[in-house]
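For reference, the structure discussed in these notes is given below.
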Amino acid sequence: MAQDSGGDEDYVDWNTDDDLEIDNFQFSPSSSPVQPRAETLVGLAVATTSSNSPAETTDLVQMGFSDEIFASLYDMGFSLEMINRAIKETGPNAETSVIIDTISKYSSDCEAGSSKSKAIDHFLAMGFDEQKVIKAIHEHGEENMEDIANALLPCAEPEKSPVVKEEYDIDWSSEDDDVNYDMLVSDDENDPNSNENNNQMRSLVRMGFSELEASLAVERCGENVDIAELTDFLCAAQMARQFSEFHTDPEERKPDNKKRRIESKREPRSSADVEPVRLPNPMIGFGVPNEPGLITHRSLPKIAQGAPYFYYENVALAPIGVWETISRHLYGIAPEFVDSKYFCVANRKRGYIHNLPINNRFQIQPPQKYTINEAFPLSKQWWPAWDKRTKLNCILTVTGSAKLTNRIRNALRPHIGEPEPPQHVQRYVIDQCRKWNLVWVGQNKAAPLEPDEMENILGFPRNHTRGGGMSRTERIKSLGNSFQVDTVAYHLSVLKPMFPNGINVLSLFTGIGGGEVALHRLKIPMKVVVSVEITESNREILKDFWAQTKQKGVLVEFSDVQDLSNEKIERLMDKFGGFDLVIGGSPCNNLAGGNRVSRNGLEGDQSSLFFEYCRILEVVRARMARRAR
DNA sequence: CCAACTATGAGTTTTTCA
DNA sequence: TGAAAAACTCATAGTTGG
């Protein structure tokens with residue numbers, strides 16, 4: 001893969017596990033010769049500042065849609081969301097008239113699913129006047145719930161006290177509030193009429209909630225509750241709202257499963273707990289390259305908007321309730337579930353919670369091969385016609401055994417010369433190939449992927465994990481635990497025009513450095529990377545990568561997130577001037593389906609380190625908020 | 001002690017089919 | 001549309017062989 005040319009400047013390499021000795025820090029941002037080339041930013045810079053303009057269609061075009069169709073539909077007044085939804089239904093190559101018919105069906109049906117009707121329902125349920133709601137939605141666009149709420153508030157308040165619908169009946173009596181929202185509340189207060197109610201209202205508004213939301217929360221939770229409970233309520237409500245964009249009827253969810261509820265020890269007050277997550281199908285999040293269904297706008301909770309950006313990742317198929325909890329602790333942002341099969345040859349269903357912009361994403365070049373045929377050209381001659389697979393399954397931390405491959409060969413050998421092996425043999429072989437993700441490497445020989453191939457599929461440079469003390473077993477384990485680089489890079493690509501001079505990164509649970517590789521392949525300069533990774537061999541890998549790619553920035557490595565105290569973070573931020581991106585995927589050991597022993601949910605020994613991510617992120621956010629003032 | 005290897009299902013989602 | 005079947009999963013722990 002392409003390496004940085006030129007620049008023989010030394011990189012600074014830190015490995016201060018226990019102590020912070022960062023005295024000879026010598027980074028000068030302005031002197032960095034690494035600047036993105038203008039021509040690589042064509043089409044990106046245009047729309048960085050405009051969030052709602054038709055310029056959004058440019059990236060739809062990039063994804064292969066006809067720009068004329070989009071432009072005409074957009075001009076006709078249809079929202080992007082509607083257009084996307086319609087195209088998802090009709091396919092990308094449908095006639096314009098068909099798409100229009102589909103869209104108009106939505107608006108005439110006026111049923112759940114249309115964002116406009118959703119918005120109307122939302123505010124009608126709060127007791128606002130229908131005419132005013134429609135007017136406000138017309139003025140502000142159905143996607144801008146905040147603006148609509150603010151527009152409604154002054155003209156609609158006194159006579160009608162908002163009625164809250166049961167959909168927001170959330171268990172806000174919880175005590176497990178690990179997110180310290182209090183840190184975001186300023187102390188300097190000048191309050192003439194200081195009853196508690198008003199204080200709380202003001203605090204909430206300062207934290208970025210609208211007055212409508214704040215009053216709703218106070219009314220709902222009572223006046224004498226802790227501010228944390230109010231924020232918990234609001235975040236949960238936000239989450240519920242966001243989830244509804246992805247997920248349909250919550251009643252479809254299976255009723256209480258006795259053994260589940262690993263998550264919350266507390267009993268839900270009613271059956272209407274936090275709205276459950278439903279995985280999108282197809283699992284494309286806000287959209288992936290070359291597929292319809294692109295969404296370029298979303299509403300983030302105000303509390304989570306803007307810097308610092310964060311990007312959190314974990315397995316999509318976690319036990320029930322896990323993602324709800326994760327989301328609740330990350331400001332109620334709905335997870336973006338994406339299957340990396342849209343970026344490479346292998347499945348990889350993951351959830352990502354982040355506050356990054358989502359318009360004008362682009363993928364790194366060259367794109368990966370999508371099908372087994374293309375990705376494994378040599379296997380074509382050995383691939384049996386009755387093995388219909390075109391994609392591989394998820395790359396895991398262990399591979400199939402040699403004995404298994406032998407059993408497969410022995411099962412097939414007696415049938416050499418026959419057109420096809422018998423059904424039951426086929427069945428057995430296919431099952432095993434799927435289960436252990438085998439590819440055909442010779443006559444009747446199916447074999448697990450080699451670490452080299454895993455590196456390639458996951459988007460890492462060749463030999464990224466090879467040598468340097470890594471055993472083969474370790475390599476496979478580390479790779480199985482890693483990001484899929486192309487997928488993550490697609491999400492992070494929006495940072496490129498925002499940080500032409502480079503970014504400061506706090507990388508937690510770094511592993512083999514998937515985030516760093518993604519940024520590097522996006523050619524986003526990394527001024528500072530503070531990395532935390534428990535496994536020494538993985539830290540060495542990142543260190544080697546840093547040296548080999550001739551990074552100009554500073555790399556600081558720590559081993560244990562639990563040892564990264566708040567004070568240390570503060571000192572790091574003092575030294576480096578804050579972090580622009582906090583990225584990491586916390587351990588999935590206790591969430592992953594492959595774990596038959598200790599799939600204990602978020603409270604498991606390893607997976608509970610998620611809360612360390614929250615703690616550290618909160619410290620960074622609080623610090624950045626103070627600096628911004 | 002280390003590295004390689006192997007057996008160990010369930011829980012949940014997704015697809016199929018009537 | 002709904003029930004049944006199929007499909008899939010960032011793994012752990014024990015054993016072996018050196």
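Throughout, protein chains are lettered first and strands after them, A, B, ... in sequence-line order, and every chain is numbered starting at 1. Just the heavy atoms: all of them, side chains too, but no hydrogens, waters or symmetry mates, feed the values below. The structure displayed is predicted, hence computed values, not measured ones.
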What's the CG-P distance between Leu396(A) and dC10(C), to the nearest Å?
7 Å

Between dC10(C) and Arg350(A), is there an OP1 or OP2 to side-chain N/O distance shorter than 4.0 Å?
yes

Walking DNA chain B from its 5' end, the first of Arg596(A) and Glu474(A) to be reached, judged by nearest nucleotide, is Glu474(A)

Is the distance between the ring centroids of His329(A) and Phe611(A) under 6.0 Å?
yes

Looking at dT14(B), I'd like to know if its phosphate oxygens (OP1 or OP2) sit under 4.0 Å from a side-chain N or O belonging to Asn281(A).
no

Using the benzene-type ring in the case of Trp, are the ring centres of Phe310(A) and Tyr331(A) under 6.0 Å apart?
yes

Applying a 3.5 angstrom cut-off to the pairing atoms, does DNA chain C sit in any stems of at least three consecutive Watson-Crick or G-U pairs? List them by first number.
B:1-8 with C:11-18, B:10-18 with C:1-9

Short side-chain N/O contact to dT12(C) OP1/OP2 from Asn589(A), under 4.0 Å:
yes

Would you say dT9(C) has OP1 or OP2 under 4.0 Å from some side-chain N or O of Asn393(A)?
yes

Are Ser471(A) and dA4(B) close enough that a side-chain N or O sits under 4.0 Å from OP1 or OP2?
yes

If the P atom of dC5(B) is compared with that of dC10(C), how far apart are they to the nearest Å?
23 Å

Let me know the distance between CD1 of Ile395(A) and P of dC10(C), rounded to the nearest Å.
12 Å

Compare the minimum distances between each of dC10(C), dT12(C), dT8(B) and the side chain of Gln606(A), then state the nucleotide with the smallest one.
dT12(C)

Closest to the Lys349(A) side chain, choosing from dT6(B), dT14(B), dT12(C)
dT14(B)

Can you tell me which nucleotide in dA6(C), dT14(B), dC10(C) comes closest to the side chain of Ala592(A)?
dC10(C)

On DNA chain C, nearest-nucleotide positions of Gly593(A) versus Lys477(A): which is more 5'?
Gly593(A)

The side chain of Lys403(A) is closest to which nucleotide in this list: dA13(C), dT6(B), dC10(C)?
dT6(B)

